[in-house]
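We count ligands from 1, going down the list as the structure has it; atoms in each ligand are counted the same way. On a predicted model such as this, the values are computed, not experimentally measured, just so you know.
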Amino acid sequence: MSEPSPLEKEIRRLIAVGGPMPIARYMSLCLTHPQHGYYMTRDPFGVGGDFTTAPEVSQIFGELLGLWTLSVWRMLGEPDAIKLIELGPGRGTMMRDALRAAKVLPKFREALSVHMVEISPTLQQVQRATLADTDVPISWHRYLLDVPEGPSIILGNEYLDALPVHQVVKQPDGWHERVIGLKSNGEFALGLAPDPLPQFDRFMPKKIKEAPLGAIFEWRNDIDAFDIARRVRENGAALFIDYGHVESDIGETLQSVNEHAFSDPLSAPGLADITAHVDFFIFGQAAESMGAAVQGPITQAKFLRELGIDARADALRRNATPEQAATINDAVARLTESSRTGMGDLFKVIAICDPKLGPLPGFPS
Ligand code: SAH
């Protein structure tokens, strides 16, 4: 057995004193423990890091989202003050590209204030450096609830997948929370909470209610969808891009990624990224229950095509060297193709907004 990571020692201690912990608590510690959490101490993005996200693939991604934001501001009736909020902004690349594209309209630029919601002090520093030359007011917050009220447009790319996920397992007497305990030698052992969660599947789709014994179901706390919906249900809109499923389904998607390869989520806590697919159905349902409207989800490919990714790529290619043109072609393929390496079909786009708004840009009417 290799030497346990500092966080592994800490989690063993927490389990030894507090008993087995739900997967969601484990995931939350792995990603955001103040000293040892994966995002708290490092910049994991890019070729030299653990994974690459759409804004890091091409500037076109952020630019198109910037133009999306501008159009939505118009649909909201051009309020004189609009908050552009990004949840989990990583390196800040998407915001930099979005602002460059959207600021072309002076009236919008004057109305705009930017709010970065980022839990990691390390990544906040990276974002400050990325956005150092920006001339619109920007502030940083640890939580969405800390952002002042007012008309808001929220963006989040690969944010929801990083929020802690619970796993429950179907047993004859109901669904039991999956927990992590300790073997006698101190290693982690997966187990089940002794009692079922009362009436867990009461409001779940049929597919979950009728799942076979032993089935695993993953769910996230609705609180994030509630907070987002509460903010945008009047004079606002939110857009999330992530991998996941359009309908709730059973199955385990919790995964750990390190140096661009999958690893066991229970090994090396704090040293690898841990994510799980987004259940867009449940997310949308929670937002609707708070009085917001839902548009989509649609595939990333459809969304980016609708927003004009091909025309933007053509424009960039016109001033490009042959090598640059090849890079642009590769990036567009990566963002829109449905092949194994493509993000086009795996990634979905969902909007949560004020019900009085018509179809938002990119979404079918
Ligand atoms: N949007 C970026 C980064 C995605 S990774 C991109 O597409 O490149 C997830 C981001 O969410 C990181 O910036 C991480 O630090 C942040 N994050 C994770 N959990 C968070 C939480 N609970 N609150 C706020 N930010 C969080």
Visitor: Is it the case that ligand 1 has an N or O less than 3.5 angstrom from some N or O of Gly90?
Guide: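 Yes; at least one N/O pair falls below 3.5 Å.
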
Visitor: Checking a contact table here: which protein heavy atom is nearest atom 20 (C) of ligand 1, and how many Å away?
Guide: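 So the nearest neighbour among protein heavy atoms is Ile119 CG2, 3.7 Å.
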
Visitor: Measuring from non-hydrogen atoms of Glu118 to any atom of ligand 1, is the shortest distance under 4.0 Å?
Guide: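 So Glu118 counts as touching ligand 1.
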
Visitor: Going by the rule ring pair (Phe, Tyr, Trp, His ring centres under 6.0 Å), which residues pair with Phe226 if we only count those two or more places apart in sequence or in a different chain?
Guide: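 By the ring pair (Phe, Tyr, Trp, His ring centres under 6.0 Å) rule, Phe226 matches no residue at all.
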
Visitor: Who's closest to atom 2 (C) of ligand 1 heavy-atom-wise, of Pro164, Ser120, Gly88, Gly92?
Guide: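 Of the listed residues, Gly88 has the closest heavy atom.
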
Visitor: Between Leu335 and Ala54, what is the shortest heavy-atom contact and its length?
Guide: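 Closest approach of Leu335 to Ala54, heavy atoms only: CD2-CB, 3.6 Å.
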
Visitor: Is ligand 1 under 4.0 Å from a heavy atom in the side chain of Ala54, in the backbone, in both, or in neither?
Guide: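 Ala54 to ligand 1: no contact under 4.0 Å from either part.
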
Visitor: Running the 4.5 Å side-chain criterion over Ile, Leu, Val, Met, Phe, Trp and Tyr, what cluster does Ile119 land in, apart from itself?
Guide: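 Members besides Ile119, by chain and number: Met40, Tyr143.
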
Visitor: Could you tell me whether the side chain of Arg12 and the main chain of Gly186 form a donor-acceptor pair under 3.5 Å?
Guide: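 A pair under 3.5 Å: yes.
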
Visitor: Go through the side-chain N and O atoms of Ser256 and Ser263 and say whether any donor and acceptor fall under 3.5 Å apart.
Guide: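 Side-chain D/A pair, Ser256 to Ser263: present.
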
Visitor: Which of the atoms in ligand 1, numbered in the order shown and given with their element, are less than 4.0 Å from a heavy-atom of Thr53?
Guide: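 In order of number, 6 (C), 7 (O), 8 (O).
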
Visitor: Once you restrict to heavy atoms under 4.0 Å, what part of Tyr143 touches ligand 1? Side chain, backbone, both or neither.
Guide: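 No part of Tyr143 comes within reach of ligand 1.
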
Visitor: Is the shortest distance from a heavy atom of Leu123 to ligand 1 less than 4.0 Å?
Guide: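 Judged by the 4.0 Å heavy-atom criterion, Leu123 does count as contacting ligand 1.
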
Visitor: Can a salt bridge be assigned to the pair Arg13 and Glu10 using a cut-off of 4.0 Å between side-chain N and carboxylate O?
Guide: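 So Arg13 pairs with Glu10 through a salt bridge.
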
Visitor: Can you tell me how the ring of His277 sits relative to the ring of Tyr243, calling it parallel under 30°, perpendicular over 60° and tilted otherwise?
Guide: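 Answer is perpendicular, since the angle exceeds 60°.
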
Visitor: Hey, can you tell me if Trp219 and Phe200 have their rings parallel, tilted or perpendicular (30° and 60° cut-offs)?
Guide: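 Trp219 vs Phe200 ring planes: tilted.
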
Visitor: Using a 4.0 Å heavy-atom cut-off, say whether Asn157 meets ligand 1 through its side chain, its backbone, both or neither.
Guide: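 Both backbone and side chain of Asn157 come within 4.0 Å of ligand 1.
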
Visitor: Looking only at protein heavy atoms, identify the closest one to atom 5 (S) of ligand 1 and say how far it is in Å.
Guide: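 Of the protein heavy atoms, Tyr39 OH, 3.4 Å lies nearest.
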
Visitor: Test your reading of the structure: does Glu56 have an N or O sitting under 3.5 Å from an N or O of ligand 1?
Guide: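 Min N/O separation from ligand 1 is not below 3.5 Å for Glu56.
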
